[in-house]
Number of protein chains: 2
Amino acid sequence: MARIPGRSPTAPPTLADVAERAGVSRQTVSNAVNNPDLLRSDTLLRVQEAIEELGYLPNRAARNLRTRASHLVGLRINPVQEGTASAIMDRFVHSLVETSREAGKHVLLFAGDPLDPLAGYDDLLRSTAVDAFVVTDTYLGNPQATWLGARRAPFVAFGRPWDNPAASHPWVDVDGAAGCDLATTHLLDQGHERVAWIGWRKDSWIGEDRRSGWTRAMRERGLATTGLASRVEDTVASGRGASAVLLDEARPTAFVCASDTLAMGVLHTLAERGLVAGRDVAVVGFDDSQVAQVVPPGLTSVRQPLEQVAVEVVKALEGLLAHPPAVGPGVLLTPTLAVRGSSSAVGFGS
Amino acid sequence: MARIPGRSPTAPPTLADVAERAGVSRQTVSNAVNNPDLLRSDTLLRVQEAIEELGYLPNRAARNLRTRASHLVGLRINPVQEGTASAIMDRFVHSLVETSREAGKHVLLFAGDPLDPLAGYDDLLRSTAVDAFVVTDTYLGNPQATWLGARRAPFVAFGRPWDNPAASHPWVDVDGAAGCDLATTHLLDQGHERVAWIGWRKDSWIGEDRRSGWTRAMRERGLATTGLASRVEDTVASGRGASAVLLDEARPTAFVCASDTLAMGVLHTLAERGLVAGRDVAVVGFDDSQVAQVVPPGLTSVRQPLEQVAVEVVKALEGLLAHPPAVGPGVLLTPTLAVRGSSSAVGFGS
DNA sequence: ATATTGCTTTGGAACGTTCCAGAGACATCC
DNA sequence: GGATGTCTCTGGAACGTTCCAAAGCAATAT
């Protein structure tokens, strides 16, 4: 037996077990796992057989201790916002987990207090539980970025450093302006001329960015935007209120919204007034949430390429954790438009 | 300086650093952290001051190696199903993360291939990366349970062991029958008598459980159920098709659905026919998804108490990882009903 | 024949923590 | 006065891995 007497029979095999079985030293087994090129081919084969037979896998804790790396990436998640539509987080999380796996990393979740953007980071960092963080809520003007930067904590942001374009940390973001331009142009192509905007309050960088896409597309066709825009909170009720006012005062035939949540507010107004989305008034949302996908007659929505975002984030992480660390420029990805019944005359088909 | 020469100044402090500063041995510092009762109060104070001053936190890897525990819980997540409404996973994940934190644990995510229920578990287990798993997709008749059981891997299931009620692993589940009973009774109280059921195919344990709640509620009031039920795939299209047929053939005035996805299908049918949900036909879904919360006029839906589920799951985990392990009986929680416009005459109000 | 080189393999040390057995101080008991 | 016990603290060992320096060995160069 390769087992040391007294060892529990269910305890996983160690390097020493494999080494004994293969008739080599511990270090050779370690090399077989981490630097196979160093071994003579027949030795390698023998060791690999022993590994296979024993079902050996390196002990994570021991490896982490020695290499000072956990191969874990920390991701803070906030409570799900009830009553809103935009749940892109789970799609992103899945993509991130999947991509991280391919890079030999796992994702460690921790809870966040939405009011305290720094909570949770410190402990994980000081206890060396994670190698790096993925920071998502940069809409806050990311104090995390500066804080993490000061602590020399490696992190990649999903979201631009709006308040400091010269920030030196890696980031990946989606071009909201391009997305809204896409959405607006799509509506203009359908013949609409009075396309209204419902977005967020002026202090939201992301909101203003998205809004600029709408403005740009309208100006490009020489269309006026005055009186056609509204800035409100990101709630269904606000979207409903804003769309009601706009319909009364500016008579738009289409709406572009900064979020699916706001777009759902528009659908509420339409339903109240007996109007049919897609036939009487066109609506486009942002995020391509599950809501957009299933609400009748389907809500056209700007879709963020979260799978690509995850790929770029992981790529940046790998650069950051390499020796020496390599920080590339920020990456800006372009979203696509998922066209559904709310902005096309196809009605309730397929 | 407490630092060993050559040590990077950004490297976190270790037990030895704290010990030197406080003028005690390593072990005493360790005791100050883990068994404060063992120390004389003045020593404890002195050590705690040193810990505070240096910002010491135990190195996770070293601790994990020594104690053979990672304080990590593995959770497998599947890709987000596009085109469906029921995204309860992110709500559950958040609750689990939050509750785990209070228990001193973190959640490690890993990706799953929906077709291979075992993928991913094995590696994490053999590399001792996690202490235990939370298994969620028991609708598969959970082969994971038996597999993990055979490997002596600690795990708690969210979902009953349908195929083996005598299974000895801890589990937590939500009473789907009670939820659908609640939903149906709610509709009957509103004066409906012809309440239809749209559920899943017969091979789904969960589906049959939920259906039995509808049957029970109908029978209790002496109402017939024949011709009022349909069993289909869990897609919007199936829900639309089933509801169209039911409306034509059985003239129901209300629908109870096994999922919000199916309920959205019903809403599609109503929209096509110019019928108004909540006024002409009542609809109730299951899961209280974000879709249910924001779709006009609001979809009444059965809400799973996921926060409670998380609490019970973590409680079970703690029992499982205690010495000696303690396995309590399965826990069955009762859902609530979130009433909205689709099942009440309040219409498009608040 | 000896030195040099390159390839392969090895044993000891170290990562930072906790377990364990025991040391030292002091009080209590016979 | 010595045995016994209690409280507090300590140093060595161990967890399983990888780093490091060096050893063994064969082939080539001097």
Side-chain angles (χ1 to χ4, degrees), chain A residues 2-8 11-47 50-51 54-71 126-129 131 323, chain B residues 2-8 11-47 50-51 54-71 126-129 131 323:
Chain A
R3 300 257 170 237
I4 298 157
R7 218 176 138 88
S8 157
T14 73
L15 266 189
D17 295 331
V18 179
E20 184 174 340
R21 178 155 195 136
V24 294
S25 70
R26 295 191 318 281
Q27 184 57 41
T28 301
V29 180
S30 175
N31 285 336
V33 175
N34 300 308
N35 304 82
D37 320 343
L38 292 180
L39 299 198
R40 213 172 49 212
S41 57
D42 60 327
T43 320
L44 179 59
L45 206 68
R46 198 150 36 95
V47 175
I51 288 176
L54 292 178
Y56 169 76
L57 229 59
N59 178 301
R60 279 284 226 295
R63 171 176 275 186
N64 294 349
L65 174 60
R66 186 63 242 230
T67 61
R68 300 171 164 283
S70 65
H71 301 284
R126 295 216 319 268
S127 63
T128 61
D131 294 339
H323 301 285
Chain B
R3 300 253 170 239
I4 299 157
R7 221 177 136 88
S8 159
T14 72
L15 265 190
D17 296 330
V18 179
E20 185 174 339
R21 178 155 196 134
V24 295
S25 70
R26 296 191 318 281
Q27 184 56 41
T28 301
V29 180
S30 175
N31 284 335
V33 174
N34 301 307
N35 304 83
D37 320 344
L38 292 180
L39 300 197
R40 214 171 50 211
S41 57
D42 61 327
T43 321
L44 178 59
L45 206 67
R46 199 150 36 94
V47 174
I51 289 177
L54 292 178
Y56 169 77
L57 228 61
N59 179 301
R60 277 285 227 296
R63 172 177 274 185
N64 294 349
L65 174 59
R66 186 65 241 228
T67 61
R68 300 170 166 285
S70 65
H71 301 284
R126 295 216 318 266
S127 64
T128 61
D131 294 339
H323 300 287

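A, B, ... follow the sequence lines: proteins, then strands. Residue 1 opens every chain.
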Does any part of the side chain of B:Pro12, heavy atoms only, come nearer than 4.5 Å to the side chain of B:Leu57, both counted from C-beta?
no
Looking at B:Arg60, does any N or O in its side chain come under 4.0 Å of the phosphate oxygens OP1/OP2 on C:dG16?
no
For A:Asn34, answer base if it contacts any base atom (sugar-phosphate contacts may also be present), sugar-phosphate if it contacts only those atoms, and nothing otherwise; contact means non-hydrogen atoms under 4.0 Å.
sugar-phosphate
Heavy-atom nearest nucleotide on DNA chain D taken for B:Leu38 and for A:Pro58; more 5' hit belongs to B:Leu38
Report, one pair per line, the protein and nucleotides 24-26 of chain D atoms (nitrogen or oxygen only) whose separation is under 3.5 Å.
none

So, using side-chain hydrogen bond (donor to acceptor under 3.5 Å, both in side chains) as the criterion, who are the partners of B:Thr43 when residues are at least two apart?
none
Counting side-chain heavy atoms from C-beta on, which of C:dT9, D:dT17, C:dG16 comes nearest to A:Leu15?
D:dT17
Rounded distance in Å - CG (B:Leu65) to C1' (D:dA14)
9 Å
Partner residues of B:Thr67 under the side-chain hydrogen bond (donor to acceptor under 3.5 Å, both in side chains) criterion, sequence neighbours left out
none
Within this structure, what is the CZ-to-C1' distance between B:Arg40 and C:dA25, rounded to whole angstrom?
10 Å
Taking B:Ser127's backbone N and O only, do any of them form a donor-acceptor pair with A:Arg60's side chain (distance below 3.5 Å, no angle check)?
no
Run the side-chain contact (heavy atoms from CB on, under 4.5 Å) test against B:Asn35 and tell me which residues pass, sequence neighbours left out.
B:Asn31, B:Leu38
For A:Arg63, which residues count as a side-chain hydrogen bond (donor to acceptor under 3.5 Å, both in side chains) partner, sequence neighbours excluded?
A:Asn34
Please give me every residue in residues 23-32 of chain A whose heavy atoms get under 4.0 Å of an atom in DNA chain D, ordered by residue number.
A:Arg26, A:Gln27, A:Ser30
Can you name the side-chain hydrogen bond (donor to acceptor under 3.5 Å, both in side chains) partners of A:Asn59, sequence neighbours left out?
B:Thr128
To the nearest 10 degrees, the angle between the two end axes of the helix from C:dA1-D:dT30 to C:dC30-D:dG1 (five pairs per end) comes to 70°
note: A:Leu57, atom CG; D:dT17, atom C1'; distance rounded to Å ~ 13 Å
Please report the distance, rounded to the nearest Å, between CD in B:Glu20 and C1' in D:dT10.
16 Å
Any residue meeting side-chain contact (heavy atoms from CB on, under 4.5 Å) with B:Leu44, in chain and number order, not counting sequence neighbours:
B:Ala32, B:Pro36, B:Leu39, B:Gln48
Rounded off to whole Å, could you give me the CZ-to-C1' distance for the B:Arg68 and C:dT17 pair?
13 Å
Whole Å only: how far is the CG atom of B:Asn64 from the C1' atom of C:dT17?
10 Å
Looking only at N and O atoms, is any donor in the side chain of A:Arg63 or the base of D:dT17 less than 3.5 Å from an acceptor on the other one?
no
Listed partners of B:Arg126 passing salt bridge (Lys or Arg N to Asp or Glu O under 4.0 Å), at least two apart:
B:Asp122
For the side chain of A:Arg66 and the base of D:dT18, is some donor closer than 3.5 Å to an acceptor across the two?
yes
Starting at atom CZ of B:Arg46, determine the distance to atom C1' of D:dT8, rounded to an integer number of angstrom.
12 Å
Tell me, please, which residues at least two apart from B:Asp42 pass side-chain contact (heavy atoms from CB on, under 4.5 Å).
B:Arg40
Under a 3.5 Å distance rule, please check whether B:Ser70 uses its side chain to pair with a backbone N or O of B:Asn64 as donor and acceptor.
no
For residues 22-39 of chain B, the salt bridge (charged side-chain N to carboxylate O under 4.0 Å, His left out) pairs (sequence neighbours left out) are none
Can you find a side chain N or O atom of B:Thr43 that sits less than 4.0 Å from OP1 or OP2 on D:dC9?
yes
In whole angstroms, how far is the P atom of C:dC15 from the CG atom of A:Asn59?
18 Å
